[in-house]
Amino acid sequence: MTPGELAAAIHACLEECVAAGELDLESNALPEPNVERPREREHGDWATNVAMQVAKAAGLPPRDIAALLAARLAEMPGIASAEVAGPGFLNIRLAAGAAGGLARTIVKVGTDYGRGTTMAGTTVNVEFVSANPTGPIHLGGTRWAAVGDSIARLLESQGATVIREYYFNDHGVQIDRFASSLLARAKGEEAPEDGYGGQYIDDIATAVLSQAAEAGEPDPRTLPEPEALEAFRSRGVELMFAEIRASLHAFGVDFDVFTHEESLHDSGAVSRALDQLKESGALYEHDGAWWLRSTEYGDDKDRVVLKSNGTEAYIAGDIAYIRDKHERGADLCVLLLGADHHGYISRLKAATAALGYNPDSVEVIIGQMVNLVRDGEPVRMSKRAGTVVTMEDLVDAVGVDAARYALARSSVDSTLDVDLNLLASATNANPVFYVQYAHARAANVARNAAEYGIAREKAFAPETLTDETETILLGVLGEYPRVVAQAAAYREQHRVARYLEELAAAFHQWYDRCRVTPHGDEPTTDTHHTRLWLNDAARQVFANGLGLLGVGAPDRM
RNA sequence: GCCCCCGUAGCUCAGCUGGAUAGAGCGUCGGACUUCUAAUCCGCAGGUCGCAGGUUCGAAUCCUGCCGGGGGCACCA
């Protein structure tokens, strides 16, 4: 019996109580009972606080309601006991066979265990990273790559169609500075004061020169300044962006759509969007500029969209972009942005509403910064000085799995300290190995079991799974679908990681106590076959959960 | 001045949609491999959940104020 089935059973008991006149409640207002594993083992396998939740509405003491439910619940098949505890908790024990049945359920369902359909039919556009192609992905962007991809996987697991999207800003002054930095380095000069430094600038400058030579074009350095800059800009951006894409791919993150900011301007999408807003009155003219009424959505002040000099402000591209995403069929647009962008939320919502879309169709996740720490001391990263730690640096130091896991296991609300020395030297400080090891162990157990003639087909006797560690392991396994559903609903990938660590602990403890293959001359019994079911169920959940984080599940370590 | 995030064990962080005695990893100390992987397990130690009020049967969790840290408040992108 899964916790979901148990919740349904409790709900049925509530309905029966209402039908029998024992509870004075609207039957359509009954809550979906919360079923959780109690912290204390003595409190049973599962507990619900539903009696306390409905106590006020029913006008009865919580313990009385719990008693009514307990009487009915205890009669149901698969339930060993139900008793009232504390202020009105209902502690439930499952019959051994009912609890153990979960192992077979998981094995049968396989990769679908933990998947749901609550978001079926919904198309979600998830935009993340979107770093300017003026340099390699740094630590902060790496965090969003790990988090964004995992959130995308979570949404997919609940049935959504997900588009991973990267907004590629090739339009503004940052790019101009990038181009002039390339030109300066190609000429052997220092990069300009407000430009970019670092070895990669030299490398790309060199690559631009050789590309031009191969194409039979004149040396860009000999061209007049504007043409020279353009040559370095167009080729440099392409080269830089190819490098970014390659890094992301090696990191296990691939995007479905790359949108160039320039293309929104070139295609007329920007002017179309602005025309629409002018017509609807969402833009107004003042001091020679056109303003968006973003204050109506909590912004401090209205924002300029068309500057008085006739050029478009940056936000104009954003407005066209959010319209573009909706027109391409997105029901929900999720954006991951760094904490330095939190001021954008209100103007983006305002733009969305002004365009005629539901502002709730845009959801901005603000993630806090990543700090580089070395031996406990904060290290300042500077693009100009070229002291930035990049995605590749991190991967070189700890590997993709450890990097992704370390970045995904914390809430994005917390600033994150990354200590390369710590991660690289004491790799067991990263719990990913604890989880992966559990999976590898389970795989090994399965290999050994096959050698000993233990096979799932030979028996499934769930009532033999009676060791305390087996009860706990089954309990944790049962929570997985709810954890995934909530992680998806709250867009909180770290819940999956934390869950896997809990599951790994339960698995290792079980492994320590219960053998799948018989000891020495011990005869093979149904218990061994049944434990293989449990082992394989755990292995499946490790694989499913690690998959949601984009982290590998190795069979050997 | 206004807005957002954070403040929980020595360190890094969970727990925050209100529930039973606040957790994990790392670090310290002490145990456990003649049989499925010791990257593991078991035990000890470690806490005014930043501070002060409030809400209620119940607050780390919700509300208000304050303190401390980070980020943001452009006709820049």
Side-chain angles (χ1 to χ4, degrees), chain A residues 34 36 38-40 42-43 47 49 52-53 55-56 61-62 85-89 91 132 169 171-177 261 286-291 298-301 303-309 311-315 317 338-346 366-369 371 373 376 406 409-419 422 426-434 436-438 440-449 451-452 454 486 489-490 494-495 497-499 501-502 504-505 507-509 511-520 522 528 531-532 535 556-557:
Chain A
N34 223 345
E36 286 176 337
R39 244 197 302 276
E40 300 301 318
E42 303 77 55
H43 291 150
N49 63 349
M52 289 180 279
Q53 286 181 321
K56 193 162 273 182
F89 288 101
N91 290 336
N132 284 353
N169 180 342
H171 190 68
V173 301
Q174 314 271 17
I175 298 292
D176 297 340
R177 290 175 186 160
E261 183 188 0
H286 178 69
D287 286 347
W290 286 85
W291 301 68
D299 208 351
D300 298 338
K301 50 177 296 213
R303 301 292 165 176
V304 168
V305 176
L306 272 175
K307 299 190 240 177
S308 52
N309 66 8
T311 61
E312 288 145 353
Y314 181 78
I315 187 180
D340 51 340
H341 288 72
H342 109 266
Y344 290 17
I345 301 176
S346 45
I366 293 297
Q368 298 301 311
M369 301 299 189
N371 299 317
V373 176
R409 80 182 284 265
S410 291
S411 160
V412 295
D413 286 341
S414 295
T415 54
L416 197 61
D417 289 342
V418 169
D419 190 324
L422 194 83
T427 49
N428 55 338
N430 189 330
V432 70
F433 301 113
Y434 184 71
Q436 287 185 315
Y437 185 62
R441 252 188 169 175
N444 192 58
V445 167
R447 284 192 294 268
N448 285 315
E451 271 182 45
Y452 278 77
I454 312 283
Q486 287 198 339
Y490 296 128
H494 71 275
R495 290 167 181 261
R498 301 296 170 155
Y499 167 83
E501 290 166 30
E502 187 188 353
F507 178 81
H508 286 309
Q509 284 161 24
Y511 176 92
D512 206 54
R513 284 264 294 264
C514 301
R515 293 182 56 93
V516 171
T517 53
H519 226 288
E522 211 183 11
H528 298 111
R531 281 178 179 165
L532 182 59
N535 177 77
R556 298 175 197 274
M557 283 176 77

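Naming convention: chains lettered A, B, ... in sequence-line order (proteins, then strands); numbering from 1 in each chain.
Within the cation-pi definition used here (under 6.0 Å to the ring centroid, within 45° of the axis), A:Arg441 qualifies as a partner of A:Tyr511.
Each of A:Ala339 and A:Asn91 has a nearest nucleotide on RNA chain B; the 5'-most of these lies closest to A:Asn91. Across the interface with RNA chain B, nearest-nucleotide mapping of A:Lys301 and A:Met52 shows A:Met52 to be the residue nearer the 5′ end.
Whole-Å rounding puts the A:Tyr437 OH to B:A39 C1' distance at 6 Å. Following rounding to the nearest Å, A:Glu36 (CD) and B:G15 (P) show an atom-to-atom distance of 14 Å. Distance, A:Glu312 CD to B:C76 P: 13 Å, rounded to whole Å. As a whole-Å value, the separation of A:Arg39 CZ from B:A60 P is 11 Å. Per the geometry, CD belonging to A:Gln436 stands 12 Å off P belonging to B:U40, to the nearest Å. Between A:Asp340 atom CG and B:A74 atom P the separation is 14 Å, expressed in whole Å. What separates CD of A:Gln53 from C1' of B:U56 is a distance of 16 Å, to the nearest Å. Atom CG of A:Asn371 and atom C1' of B:G69 are 11 Å apart (whole Å).
Across all strands shown, nothing is found opposite B:A60 as a Watson-Crick or G-U wobble partner with both distances under 3.5 Å. For B:G1, the paired base is B:C73 (Watson-Crick or G-U wobble, both distances below 3.5 Å). Across every strand in view, B:U55 sits unpaired, with no contact that passes the Watson-Crick or G-U test at under 3.5 angstrom. With a 3.5 Å ceiling on both atom-pair distances, the Watson-Crick or G-U wobble partner of B:G30 is B:C42. With a cut-off of 3.5 Å on both pairing distances, the Watson-Crick or G-U wobble partner of B:C66 is B:G50.
Comparing B:G54 with B:U12, their C1' atoms sit 33 Å apart, to the nearest whole Å. When the C1' atom is used for both B:G30 and B:U34, the distance is 24 Å, rounded to whole Å. Nucleotides B:U28 and B:A14, compared at atom C1', are 22 Å apart to the nearest Å. One P atom belongs to B:C5, the other to B:C42, and the distance between them is 38 Å to the nearest Å. Taking atom P on both B:C57 and B:C13, the two are 38 Å apart, rounded to the nearest angstrom. Distance check on atom C1': B:A24 versus B:G69 gives 24 Å, rounded to whole Å. With both ends at atom P, the span from B:A22 to B:U35 equals 40 Å, rounded to whole Å. Taking the P atom of each, B:G23 and B:G15 are spaced 15 Å apart, rounded to whole Å.
Nearest to the side-chain atoms of A:His43 among the listed nucleotides B:C41, B:U35, B:A20 stands B:A20. Considering only side-chain atoms of A:Met557, the nucleotide from B:A39, B:C75, B:C41 that sits closest is B:A39. Distances from the side chain of A:Val516 to the nucleotides B:C16, B:U40, B:C36 place B:C36 closest. Across B:U35, B:A38, B:G70, the shortest atom-to-atom separation from the side chain of A:Arg515 is found for B:U35.
Across A:Ala47 and A:Asn91, no two heavy atoms sit closer than the pair CB-OD1, 3.5 Å. When all heavy atoms of A:Gln368 and A:Ala339 are compared, the pair lying nearest together is OE1-CB, 3.6 Å. The shortest heavy-atom contact between A:Phe507 and A:Ala438 is CE2-O, 3.5 Å. Minimum heavy-atom separation, A:Met52 to A:Pro62: CG-CB, 3.7 Å. Summarising the geometry of A:Gly338 relative to A:Ile366, their closest heavy-atom pair is O-CD1, 3.9 Å, with the distance given to 0.1 Å. Closest approach of A:Asn535 to A:Ala446, counting heavy atoms only: ND2-N, 3.9 Å.
In this structure, A:Arg495 reaches the bases: a heavy-atom distance under 4.0 Å links it to at least one base atom across the strands shown. Base contact: A:Ala47 has a heavy atom under 4.0 Å from a base atom. When heavy atoms are screened at a 4.0 angstrom cut-off, A:Ala85 is found touching base atoms of the nucleic acid. Within 4.0 Å (heavy atoms only), A:Ala446 reaches no atom of the nucleic acid at all. Residue contacts shown for A:Gln174 are limited to sugar-phosphate atoms, with no base heavy atom under 4.0 Å away. If you check every strand for non-hydrogen atoms under 4.0 Å, A:Asn535 touches nothing. Within 4.0 Å (heavy atoms only), A:Gly86 reaches no atom of the nucleic acid at all. If you check every strand for non-hydrogen atoms under 4.0 Å, A:His519 touches a base.
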*Go through A:Arg515 and A:His519 one step at a time and tell me if the side chain to side chain contact (heavy atoms under 4.5 Å, CB included) criterion holds.*
CA-CA 8 Å; A:Arg515 293 182 56 93; A:His519 226 288; 3.1 Å; yes
*Test A:His508 against A:Tyr434 for ring-ring contact (aromatic ring centres under 6.0 Å, His included), laying out the working first.*
CA-CA 9 Å; A:His508 286 309; A:Tyr434 184 71; 4.9 Å; yes
_Working for salt bridge (charged side-chain N to carboxylate O under 4.0 Å, His left out), residues A:Arg409 and A:Glu501_ = CA-CA 10 Å; A:Arg409 80 182 284 265; A:Glu501 290 166 30; 2.9 Å; yes
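Applying the 5.5 angstrom centroid cut-off and the 30 degree plane-angle cut-off, the aromatic ring of A:Tyr511 is not stacked upon the base of B:U40.
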Pairs under 3.5 Å (N/O, protein and nucleotides 11-14 of chain B):
from  : atom 1 : to       : atom 2 : distance (Å)
B:C13 : OP1    : A:Thr415 : O      : 3.1
B:C13 : OP1    : A:Asp417 : N      : 3.2
B:C13 : O2'    : A:Arg498 : NH1    : 3.3
B:C13 : O2'    : A:Arg498 : NH2    : 2.4
B:A14 : OP1    : A:Ser411 : N      : 2.9
B:A14 : OP1    : A:Ser414 : OG     : 3.2
B:A14 : OP2    : A:Ser414 : OG     : 3.3

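A:Asp512 contributes no side-chain N or O that forms a donor-acceptor pair with the base of B:A38 under 3.5 Å. Residue A:His342 places a side-chain atom within donor-acceptor reach of the base of B:G71, judged by atom type and a 3.5 Å distance cut-off alone.
Applying the 4.0 Å criterion to OP1 and OP2 of B:C42, one finds that A:Gln509 has a side-chain N or O inside that range.
A:Ser414 places no side-chain N or O within 3.5 Å of a backbone atom of A:Leu416 that could act as its donor or acceptor partner.
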